Amino acid sequence: MTDRELFDLAVKAAGNSYCKYSGFSVGAALLCEDGEVFTGCNIENGSYPLTNCAERTAIFKAVSEGKRSFEAIAVAGGADGGYSDDCYPCGACLQVMSEFCEGDFRIILANESYTLDELMPKRFRL
Ligand code: THU
């Protein structure tokens with residue numbers, strides 16, 4: 001699975017985004033160490049703080065299916081159907097990643113990729 005292929009799956013997942021309040025659709029595609037991919041989209045709520053980001057949707061889907069080891073996540077987000085390199089995962093999603101992933105876990109955007117270490121160098125671990 002190339003970065004581009006994973007990103008394309010994230011773009012496809014963004015098509016299911018439920019973003020009636022922000023109009024900002026996001027899709028994510030999570031690559032498990034066994035090669036399986038789980039996708040997710042953002043799911044907004046009229047009670048705004050209950051919104052779930054695309055990344056956490058994908059991670060929670062995977063974890064609830066028994067997956068615990070992950071290699072990379074692609075994130076596709078943007079207003080008006082465009083996907084830009086500045087749709088970084090939010091702090092809450094980075095914290096959820098840090099529960100399951102090591103520092104070399106890769107975060108793939110439209111044309112760039114980062115490690116978890118780069119985007120969240122100091123992470124809370126219980
Ligand atoms: N959003 C994500 O899905 N992932 C992020 O990492 C940042 C933000 C969503 C939440 C909300 O539905 C919309 O983008 C605008 O904030």
Side-chain angles (χ1 to χ4, degrees):
M1 169 82 44
T2 64
D3 286 6
R4 177 52 50 185
E5 287 168 339
L6 196 63
F7 186 79
D8 287 346
L9 290 174
V11 169
K12 192 170 170 216
N16 290 328
S17 166
Y18 180 77
C19 58
K20 67 188 279 191
Y21 303 105
S22 73
F24 192 91
S25 52
V26 186
L30 176 69
L31 177 63
C32 304
E33 240 164 48
D34 64 6
E36 201 170 336
V37 174
F38 286 80
T39 60
C41 63
N42 54 332
I43 305 167
E44 298 188 345
N45 192 279
S47 177
Y48 298 163
L50 298 184
T51 292
N52 206 58
C53 292
E55 300 91 319
R56 278 178 287 146
T57 302
I59 293 166
F60 293 156
K61 281 172 67 179
V63 171
S64 69
E65 295 298 321
K67 305 296 176 183
R68 294 290 186 275
S69 301
F70 307 110
E71 267 184 33
I73 192 166
V75 185
D80 306 324
Y83 299 107
S84 61
D85 272 322
D86 51 13
C87 187
Y88 298 101
C90 75
C93 289
L94 290 169
Q95 177 60 32
V96 169
M97 290 173 202
S98 77
E99 180 70 26
F100 298 101
C101 307
E102 300 306 318
D104 60 353
F105 176 74
R106 295 179 57 246
I107 296 153
I108 298 159
L109 307 180
N111 299 292
E112 299 169 353
S113 74
Y114 300 89
T115 62
L116 180 57
D117 262 342
E118 288 174 315
L119 294 190
M120 199 184 220
K122 307 284 186 195
R123 300 184 289 279
F124 176 78
R125 294 291 280 267
L126 201 60

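Only a predicted model underlies this, so the values are computations on that prediction, with no experimental measurement involved. Just follow the structure's listing: the first ligand is 1, and inside any ligand the first atom is 1. All values below were derived from every heavy atom in this structure, side-chain atoms included, with hydrogens, water molecules and symmetry-related copies excluded.
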Which ligand 1 atoms are under 4.0 Å away from a heavy-atom of Pro89?
6 (O)

Side chain, backbone, both or neither: the part of Cys53 lying under 4.0 Å from ligand 1 by heavy atom:
both

For a quick test of reading the model, state the closest non-hydrogen atom pair linking Ala58 to Gly40 and the distance between them.
CB-N, 3.8 Å

Tell me which protein heavy atom sits closest to atom 15 (C) of ligand 1, plus the residue, atom name and distance to 0.1 Å.
Ser22 OG, 3.8 Å

What protein heavy atom sits nearest atom 3 (O) of ligand 1, and how far away is it?
Ala54 N, 2.9 Å

Any idea which part of Tyr21 is under 4.0 Å from ligand 1, heavy-atom wise: side chain, backbone, both or neither?
neither

Identified side chain to side chain contact (heavy atoms under 4.5 Å, CB included) counterpart of Leu116 within the set Pro89, Cys101, Pro121:
Cys101

For Tyr88, the atoms of ligand 1 under 4.0 Å from one of its heavy atoms are 6 (O)

Report the residue from Ile73, Asp117, Thr115, Leu119 that forms a side chain to side chain contact (heavy atoms under 4.5 Å, CB included) with Phe105.
Ile73

Please find the pair of heavy atoms, one from Val75 and one from Cys87, that lie closest to each other, and give the distance.
CG1-O, 3.8 Å

Parallel under 30°, tilted from 30 to 60°, perpendicular over 60°: which one fits the rings of Phe7 and Tyr83?
perpendicular

Step-by-step side-chain contact (heavy atoms from CB on, under 4.5 Å) determination, Leu9 to Arg4:
CA-CA 9 Å; Leu9 290 174; Arg4 177 52 50 185; over 6 Å; no

If you have a sec, work out which protein heavy atom is nearest atom 9 (C) of ligand 1 and how many Å separate them, to one decimal?
Asn42 ND2, 3.6 Å

I want to confirm something. Looking only at heavy atoms, which of Glu55, Glu44, Arg56 is nearest to atom 6 (O) of ligand 1?
Glu55

Below 4.0 angstrom from a heavy atom of Thr51, which ligand 1 atoms are there? Numbered from 1 as shown, please.
10 (C), 11 (C), 12 (O)

For residues Arg56 and Val96, report the shortest heavy-atom separation together with the two atoms involved.
CD-CG2, 3.7 Å

